[in-house]
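All figures in this text were calculated on a predicted structure; none of them were measured in a lab. Each chain gets a letter, A, B and so on, in the order the sequences are listed, and its residues count up from 1.
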Protein chains: 2
Amino acid sequence: MSKDIKILVVEDDENLRFLAAMRLKTEGYQVLEEADGISAIQTITTEKPDIVLLDWMLPGKEGSEVCEEVRKNGFEGLVIMMTAKAQDVDKIDAYQFGASDYVTKPFSMDVLVAMLESKVKFLLNAERSEIHRFGNMEHHPNIHTLFRDGKKIELTILENRILLYFLRNPNQVISREDLMLEVWGYNSDVNTRTLDMHIVRLRKKIEVNPDNPQLLQTVRGVGYRFNVGS
Amino acid sequence: MSKDIKILVVEDDENLRFLAAMRLKTEGYQVLEEADGISAIQTITTEKPDIVLLDWMLPGKEGSEVCEEVRKNGFEGLVIMMTAKAQDVDKIDAYQFGASDYVTKPFSMDVLVAMLESKVKFLLNAERSEIHRFGNMEHHPNIHTLFRDGKKIELTILENRILLYFLRNPNQVISREDLMLEVWGYNSDVNTRTLDMHIVRLRKKIEVNPDNPQLLQTVRGVGYRFNVGS
DNA sequence: TTAAATTTTGAATGAGTGGTTAAATAATAA
DNA sequence: TTATTATTTAACCACTCATTCAAAATTTAA
C-alpha cells in the first residue's frame with residue numbers, strides 16, 4: 001500500500017520523538033520532526049503535512065496554541081494531540097482548539113500506528129469526495145461550496161444539506177415531510193415556513209432566474225422536484 | 001401492511017441488539033442479527049438484506065470498513081450507521097464510506113422505527129417507478145409529470161390521479177361512478193359536472209386536438225374510455 | 001464582550017387548483 | 001321535426017398551499 005502520507009511529529013522529548021519517527025518511517029510514512037511550537041507552525045505552513053502529531057506541552061508555544069494558530073491560517077490536515085494522562089485534558093477541550101483526535105501518553109508505538117492507520121484511511125476516503133454536477137454548476141458538499149462556471153458560491157450548512165439531498169434524489173418529487181425529516185431529524189418541530197425560506201434562499205443561489213425556477217421546482221400540494229439532465 | 005423488508009442489525013452490545021431486533025420484528029420486518037464485522041460482511045453477502053443497521057465501533061472490523069467492503073462487493077441496500085454522539089461523525093463523513101444515513105446513540109426505538117419507515121417508503125417508491133407510454137407520450141405518475149416527445153407537461157394532483165386510473169384500465173369503458181369513487185372516495189359529494197370539468201382539462205393536456213379527442217373518448221350514457229394502441 | 005451571519009417564525013400576500021354554476025353544444029328519443 | 005337528456009365549456013369563486021417579508025432568536029465570528 002503506497003501511503004504517500006506526510007506526518008509531522010512535534011515533540012520536545014528527544015527519545016520519544018526519535019522512536020515515533022523511526023517507527024512511522026518503517027511503516028512507510030514520510031516523516032518530519034520539530035521540537036518546539038514556533039518551528040512547528042513554520043513547518044506546518046510551509047510543508048502542509050497531512051497529519052500533525054502534536055505534544056500538548058511544548059516549549060515556546062503550547063500545543064493548543066499551535067493548533068489554533070495553524071487552523072486560523074487555513075491548515076486543514078489532521079491534528080492529533082499527545083497528552084499525558086495526568087494532564088487529563090477533556091476530549092472536548094482538545095477538539096475546541098481544532099484538534100482531530102488525541103492520544104494519552106504513555107502509548108505504545110503499536111497503538112499509535114493503529115490509530116494513524118484508521119486516520120489515513122479516512123483521509124484517503126475524504127479525498128475521493130462526492131461531487132455533483134448539474135447545468136453549469138458543481139456542488140462540493142464536503143466544502144459546502146457551489147461553483148457556477150468556476151465561480152465560488154458559499155453555502156450555509158443547511159443550504160448544503162438540502163441541496164445535497166436533492167442532488168442525491170434528482171428528478172423525483174420530494175415531499176416536504178421527507179425533506180424536513182432528512183434535514184432536521186425525527187424529533188424536531190420546525191415550522192414549515194422555515195423550509196420554504198431555505199428553498200427561497202437556495203433558489204437565489206442556484207437558479208438563473210429565481211422567480212422562474214428551472215432546477216428546483218415546486219410540485220404543488222406534494223413537494224419539490226430537482227430537475228437534472230433532460 | 002406486509003412489508004417484506006429484510007433488515008440486518010449489526011451491533012456487539014447484546015442488549016441493544018436484542019432490543020432493536022425485537023422491536024423491528026414486531027413492526028413486521030424480517031430481522032437478522034450479527035455481533036461483529038466479519039460475520040456481518042458474510043451475512044450481507046449471502047442474505048442481501050434491504051437495510052443494514054450498522055454499529056460504527058465493532059469488534060473485528062469497524063463499521064466503516066464493513067460498509068466500504070460490502071459496497072465494493074456490489075451491495076446496494078441501505079446502510080444506516082449507528083454512532084455514539086461522542087464519536088461525532090459528520091453526516092458527510094458517514095456518506096463517504098458508503099453509508100446512506102446515520103443515527104447517534106443513544107436513540108429511542110421509536111426514533112429508529114420512524115427513520116426506517118421513511119427509508120422503507122423510499123425503497124418501495126424507487127422500486128415501483130411506474131411509467132405508462134401511449135402514443136408519443138409518457139406518464140410518470142410518481143412525479144406528476146407527462147412527457148410529450150420529451151417535452152415536460154406538469155399535472156395537478158387530480159389530473160395525475162385521473163390519468164393514472166385510465167392508464168391502468170386502458171381500452172375499457174370506465175363509468176363515471178367508478179371514476180369518481182376512485183378519485184374522490186366514498187363519502188364525497190362532488191358534482192358530476194366537476195368530473196366533466198376535469199376531463200376537459202385533462203384533454204387539453206393530452207389530446208392533439210381537444211375538440212376531437214382520440215385518446216380520452218366519451219361513451220355517452222356510460223362514461224369514458226381511454227384508447228391505447230394495442 | 002459586541003457584531004455579524006444564519007436560522008426560525010408569524011403575518012401578509014399571491015398564485016394555482018379545484019369546485020360550482022349556467023349557458024352552449026351534442027346526442028338521442030319522440 | 002322538436003323535446004329531452006347528456007356532455008362540454010367558460011367564467012367565476014373559494015380555498016388551500018406556497019411565497020415573501022419583516023423581525024426575532026439563535027449561532028458563530030471577531
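- Of the listed nucleotides (D:dT19, C:dT7, C:dT20), C:dT20 has the atom at the smallest distance from the side chain of B:M197.
- Distance, A:L202 CG to C:dT8 P: 14 Å, rounded to whole Å.
- Taking atom NE2 on A:H144 and atom P on C:dT6, their separation rounds to 13 Å, with Å as the unit.
- Of the candidates D:dT19, C:dG19, C:dT9, the closest approach to any side-chain atom of A:N191 belongs to C:dT9.
- At the heavy-atom level, A:T194 lies under 4.0 Å from base atoms of the strands shown.
- Closest to the side chain of B:T156, from the set C:dT17, C:dG10, D:dT19, is C:dT17.
- A heavy-atom distance below 4.5 Å is found between the side chains of B:H139 and B:L155.
- Within the 4.0 Å cut-off from OP1 or OP2 of C:dT8, at least one side-chain nitrogen or oxygen of A:W184 is found.
- In this structure, the CZ atom of A:R193 is 14 Å from the P atom of D:dT16, given to the nearest Å.
- For C:dT6, the OP1/OP2 oxygens have no side-chain nitrogen or oxygen of A:H198 closer than 4.0 Å.
- A:R225 and B:E154 are joined by a salt bridge, as a carboxylate oxygen and a charged side-chain nitrogen come within less than 4.0 angstrom of each other.
- Out of C:dT7, C:dG19, D:dT9, the shortest distance to the side chain of A:I157 is found at C:dT7.
- One cannot find a donor-acceptor pair under 3.5 Å joining the base of C:dG18 and the side-chain atoms of B:R161.
- Interface remark: the B:R220 side chain does form a donor-acceptor pair with the D:dT5 base, using a distance-only criterion of under 3.5 Å.
- Listed candidates were C:dG19, C:dT9, D:dA18. Nearest to the side chain of B:V190 is C:dG19.
- Atom CG in B:L195 sits roughly 16 Å away from atom C1' in C:dT21 (whole-Å rounding).
- At a threshold of 4.0 angstrom between heavy atoms, the contacts of B:R203 are confined to the sugar-phosphate backbone, with no base atom among them.
- Separating the CG atom of A:N212 from the C1' atom of D:dT19 is a distance of 15 Å, rounded to the nearest angstrom.
- Looking at A:I80 and A:L116, their side chains come closer than 4.5 Å, going by heavy atoms from C-beta outward.
- Counting heavy atoms from C-beta outward, A:F166 and A:I174 have side chains that approach closer than 4.5 Å.
- The phosphate of D:dT19 (OP1 or OP2) has a side-chain N or O of A:Y224 nearer than 4.0 angstrom.
- Between B:R203 and B:N212 the shortest side-chain heavy-atom distance does not fall below 4.5 Å.
- Rounded to whole Å, the distance from CZ on B:R201 to P on C:dG16 is 14 Å.
- A:D36 and A:S39 form a side-chain donor-acceptor contact under 3.5 Å, judged by distance and modelled atom types alone.
- In this model, the phosphate group of D:dA18 is not approached by any side-chain N or O of A:T192 to a distance below 4.0 Å at OP1 or OP2.
- If you measure from atom CD of B:E159 to atom C1' of C:dG16, you get 11 Å, rounded to the nearest angstrom.
- Among the heavy atoms of the strands, none lies under 4.0 Å from A:I199.
- Counting any heavy atom pair closer than 4.0 Å across all strands shown, B:K204 reaches sugar-phosphate atoms only and no base atom.
- To the nearest angstrom, C1' of D:dC17 lies 17 Å from CD of A:Q217.
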